[in-house]
Enquirer: 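First the structure, which I've put down as structure tokens, then a few questions once you've had a look.
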Amino acid sequence: MTSTDLPLASGAPAPGFRITPRIAAALIAMPALLYMLVVYALPLLMLFGASFQDADGLSVRGYRKILSDPYYLSVIWNSVQLGLITTAISLLVGYPAAWGLARLRGGLQVFGFALIFLPLTVSVIVKTFGLSIVMRRDGFINWFLMNTGITDAPIRLVFTEFSLYLGMVNVFIPYMILSLYSVFRMIDDRLFDAASSLGASPMYRLTHVLIPLSMPGIISGVSLVFSLSVAAYVTPSLLIGDSFMTMSAVMAKSFLNVRDFQLGSSMGVLLLMIAAMVVVAASVASRKVNRSSK
């Protein structure tokens, strides 16, 4: 009998492949990673490649046309402006709403959550059409204005910038409220009592206690709402039409009507870069806030 024929000592590990925690985590994440690679990363790479592909081969015609034409530059500014204004209004309106939601208890908080979550279960198209019905000449807003004597005749609301921003805020403000709420619910109320006992005024407590503590929620909400609103297509198309062209609308027309795939791909890459820059800036700002709070 040789040494190789001897049985293993009791308690000795059996030879072979051993699954470590890192390998186990990688195996668990593999299906999701493969899905993201096929459904997300691969189409983006194809879009990036199509932005440099012309009928004659490699070309930067799409980028040159966009960045040298005042019309397309105004379209880019329209999208950025739409994202900035939508984000600013959502933050101003959503901040006190999220704070109030975090302070509610019991059935009132459940009711408040229902008001936030139920709109997210409805299609953007349905919400936008419903809002356009409310704002048309015989809609509820004009009926209210005329019956209260504020106006003598119906006013034009649909296909105006007012309707556009109202619709955009209506669609995207739940994302801002939920981002802020997740931070507000972790803030200890005793901090404000302590600040008040030290003589801090309500405005001082807001600017020096509440806002700094809620900065992670502000950063995440701003980055999320801006990234979604700057690329919005359905709501601007239904509420204002071609009078306010956005980058998403130019992409759709380039692919579906003009059949200029390079122009549409180039506009898509630029839109992706704008959204990515905001997300990266938000990530850097969030890390700085986390370091400063330690």
Enquirer: If you take all heavy atoms of Pro236 and Thr246, which pair is closest and at what distance?
Expert: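 Pro236 and Thr246 have their closest heavy atoms at CB-CG2, 4.5 Å.
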Enquirer: Give me the ring orientation class for Phe113 and Tyr181: parallel if the planes are under 30° apart, tilted from 30 to 60°, perpendicular past 60°.
Expert: perpendicular
Enquirer: Please check if the side chain of Ser265 supplies one atom and the backbone of Gln262 the other of a donor-acceptor pair under 3.5 Å.
Expert: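 No; zero donor-acceptor contacts below 3.5 Å.
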Enquirer: Flag the pair Leu206 / Ile211 as yes when at least one side-chain heavy-atom distance between them is below 4.5 Å, and no otherwise.
Expert: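 In contact.
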Enquirer: Keeping the roles fixed (side chain from Ser220, backbone from Gly217), state whether a donor-acceptor pair exists under 3.5 Å.
Expert: yes
Enquirer: Can you tell me how the ring of Tyr204 sits relative to the ring of His208, calling it parallel under 30°, perpendicular over 60° and tilted otherwise?
Expert: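 Because their plane-to-plane angle is under 30°, the rings of Tyr204 and His208 count as parallel.
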Enquirer: Could I get the full list of salt bridge (charged side-chain N to carboxylate O under 4.0 Å, His left out) partners for Asp54, not counting sequence neighbours?
Expert: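 For Asp54, the residues satisfying salt bridge (charged side-chain N to carboxylate O under 4.0 Å, His left out) (neighbours in sequence not counted) are Arg61.
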Enquirer: Are the side chains of Phe52 and Val60 in touch, meaning some heavy atoms are under 4.5 Å apart?
Expert: yes
Enquirer: Tyr95 and Phe184: aromatic ring centres closer than 6.0 Å?
Expert: yes
Enquirer: Any heavy-atom pair between the side chains of Ile76 and Ile274 that's under 4.5 Å?
Expert: yes
Enquirer: Is a side-chain donor or acceptor of Thr160 paired with a backbone partner of Leu157 at a separation under 3.5 angstrom?
Expert: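 Checked: pair present.
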Enquirer: Treating Ser79 as the side-chain partner and Met247 as the backbone partner, does any N or O pair qualify as donor plus acceptor under 3.5 Å?
Expert: yes
Enquirer: Using a 6.0 Å cut-off, check whether atom CZ of Arg185 has over 12 heavy atoms from anything other than its own residue.
Expert: no
